[in-house]
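The structure appears right after this line, and notes come after that.
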Amino acid sequence: MNKATLAAALGAPSAFGQSQFAFMRGNSFEARVKADGGAELLRLVREKLDPTAQAPDEALVPDLAAVGPEGRAARTALALREATGARAWTLLDHPMLALDVAGSPTFLEPDAVVVHPDGSWTVVEIKSFPMLDGSADPAKVGAAARQSAVYVLALEEVAARVTPPAVVRHRVLLVCPKDFSNLPTASPVDVRKQRAVTRRQLARLTRIEEIADALPEGTCFAPDLPREELTAAVESVPATYAPECLAACELAFHCRDRSRAQGAVTSYGRSLRAELGGLATVDEVLAAAHGTAGDPDDPAVAALRRAARLRADALAGEAAVCR
């Protein structure tokens, strides 16, 4: 199912994708980092992650071309095994990795994977946002760390099939432009926490077969269906919208409209939803705050009522001053 096509058919097309300028800038920066057989990239890997290793004067850059994602993933796995045995710096440019997600293979394409002379593997993520005075926007670094953690998990599955098993380093290398220039700089990022969280999330995912079995008989997601039928089919699948979905799902705008119509508090963020306990809708929150519903011993209800009293007192005071 193509969710972007489905979103457009529902009348809530996604706005994914970089601007053409940002896309070209990112491609230009990545090409610069990988120029001359990845000389600058390998220099940064050695400097930041493996300073005691031999200098990467000459590196192997295997051809990873193959037919289809399955073929490219197999070619990548073969290149990694060969590079591990070669005990030399090796750069895999845009390798293809496979990761099992809820019982279905998902193909991933990191910017690069570097094999060190000791046979260990490092994920390299290249971003076009700048590092200013050695640090970058924490939110963007966090997103890059979560993305890289998925690559590490997929790479570990390949490493487990190597004899003896290869080591995937838990520190990835984030490469960005230095300050406001186009010169590359890099920083190691430890992704062990993100890797553990991602592994737990993957283990809890409901398998596609189970979701399909729970759907009403005859449910169809064909984009050419009448909008009413298509909307009913999509809404037969449980979904909980949160603002974070806008950066990860093509159906986010549709789910946001649905969530707002239902008055769900998750529309305002998962952290707020967690603080409100059993209060799941805006109407329930307002009723609890005004004292017409809710258990007064519930900490969330008590906090809402106190906030409502403070607001009323503040407005009364303001009205008295105005008079």
Side-chain angles (χ1 to χ4, degrees), residues 30 32-66 72-100 107-127 131 134 136 141 144-176 178 184-199:
E30 182 174 337
R32 176 164 189 163
V33 171
K34 294 178 178 177
D36 300 323
E40 180 65 11
L41 176 55
L42 291 169
R43 183 191 68 79
L44 289 169
V45 171
R46 177 178 181 268
E47 176 186 317
K48 301 294 183 179
L49 297 175
D50 203 355
T52 61
Q54 65 188 47
D57 297 326
E58 293 185 8
L60 303 174
V61 185
D63 181 7
L64 302 179
R72 289 186 57 201
R75 181 69 189 91
T76 295
L78 176 60
L80 284 166
R81 288 196 296 270
E82 293 174 344
T84 303
R87 297 287 170 168
W89 286 105
T90 304
L91 171 64
L92 278 69
D93 186 6
H94 283 288
M96 182 67 71
L97 305 172
L99 182 67
D100 183 276
F107 294 98
L108 310 168
E109 188 175 358
D111 291 326
V113 170
V114 171
V115 179
H116 297 245
D118 64 2
S120 59
W121 304 350
T122 290
V123 170
V124 177
E125 188 63 20
I126 302 172
K127 297 296 186 183
M131 282 190 186
V141 173
R146 290 189 294 273
Q147 181 181 352
S148 298
V150 179
Y151 298 149
V152 168
L153 283 173
L155 204 57
E156 286 177 340
E157 293 190 3
V158 181
R161 297 193 294 269
V162 176
T163 306
V167 174
V168 180
R169 296 189 176 216
H170 61 256
R171 291 202 303 167
V172 305
L173 191 69
L174 177 61
V175 182
C176 299
K178 183 178 181 180
T185 187
S187 177
V189 179
D190 192 322
V191 298
R192 280 178 293 184
K193 179 180 178 180
Q194 292 84 354
R195 172 189 168 281
V197 170
T198 303
R199 184 179 287 280

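This chain uses plain numbering: 1 for the first residue, then up along the sequence. The shown structure was predicted, so the numbers you read here are calculated from the model rather than taken from an experiment.
Counting only heavy atoms from C-beta outward, the side chains of V152 and H170 never approach each other to under 4.5 Å. Using a 4.5 Å heavy-atom cutoff, the side chains of L92 and L64 are in contact. Side-chain contact between V175 and T185 is absent, with no heavy-atom pair separated by less than 4.5 Å. Residues V115 and L80 have side chains in contact (heavy-atom distance under 4.5 Å, counting atoms from C-beta outward). Side-chain contact between L44 and P184: present, with at least one pair of heavy atoms (C-beta onward) separated by less than 4.5 Å. Side-chain contact between M131 and L174 is present, with at least one heavy-atom pair separated by less than 4.5 Å.
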Practice prompt. I would like to know whether K48 and R171 meet side chain to side chain contact (heavy atoms under 4.5 Å, CB included); could you show each step before the answer?
Written response: CA-CA 10 Å; K48 301 294 183 179; R171 291 202 303 167; over 6 Å; no
Worksheet item: For V168 and Y151, what are the C-alpha separation, side-chain angles and deciding distance, and is it a side chain to side chain contact (heavy atoms under 4.5 Å, CB included)?
Response: CA-CA 10 Å; V168 180; Y151 298 149; over 6 Å; no
Worksheet item: Given the rule in the side chain to side chain contact (heavy atoms under 4.5 Å, CB included) test, do V114 and W89 qualify, once you have shown the distances and angles that lead to the verdict?
Response: CA-CA 7 Å; V114 171; W89 286 105; 3.8 Å; yes
Worksheet item: After noting the C-alpha distance and the side-chain angles of K127 and E125, does the key distance pass the salt bridge (Lys or Arg N to Asp or Glu O under 4.0 Å) rule?
Response: CA-CA 7 Å; K127 297 296 186 183; E125 188 63 20; 3.2 Å; yes
Practice prompt. Determine, step by step, whether V124 and V172 satisfy the side chain to side chain contact (heavy atoms under 4.5 Å, CB included) criterion, reporting the C-alpha distance in whole Å, the side-chain angles of both residues, the deciding distance to 0.1 Å, and the verdict.
Written response: CA-CA 6 Å; V124 177; V172 305; over 6 Å; no
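For the residue pair R87 and G119, the shortest heavy atom distance occurs at NH1-N, 3.6 Å. Nearest heavy atoms, L97 versus P110: CD1-CG, 3.7 Å. Taking both residues in full, the closest heavy atoms of A88 and L60 are given as CB-CD1, 4.5 Å, listed atom of the first, atom of the second, then distance. Closest approach of L91 and P62 over heavy atoms only: O-CD, 3.4 Å. Scanning all heavy atoms of the two residues, the minimum distance from A136 to V141 falls at CB-CG2, 3.7 Å. In this structure, P95 and A112 approach most closely via the heavy-atom pair CD-CA, 4.1 Å.
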Side chains of residues 49-59: which donor-acceptor pairs under 3.5 Å do they make with residues two or more places apart or in other chains?
unit_1	atom_1	unit_2	atom_2	d
D50	OD2	H116	ND1	2.9
D50	OD2	R169	NH2	3.4

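For the pair D36 (side chain) and G38 (backbone), a donor-acceptor distance under 3.5 Å is absent. Between the side chain of D111 and the main chain of I126, a donor-acceptor pair closer than 3.5 Å is present. Between the side chain of R75 and the main chain of A66, no donor-acceptor pair closer than 3.5 Å is present.
The CD atom of E109 sits 5.5 Å away from atom NE2 of H94, with the distance rounded to the nearest 0.5 Å. To the nearest 0.5 Å, the span separating CZ on R195 from OG on S148 amounts to 13.5 Å. For the atom pair CZ of R46 and CG of L41, the computed distance is 14.0 Å after rounding to the nearest 0.5 Å.
Here R199 pairs with E156 in a salt bridge; the nearest charged N to carboxylate O distance falls below 4.0 Å. Using a 4.0 Å cut-off between charged side-chain N and carboxylate O, E40 and K34 make no salt bridge. Ion pairing of E47 with R43 is present here, as a side-chain N (NZ or NE/NH1/NH2) and a carboxylate O approach within less than 4.0 Å.
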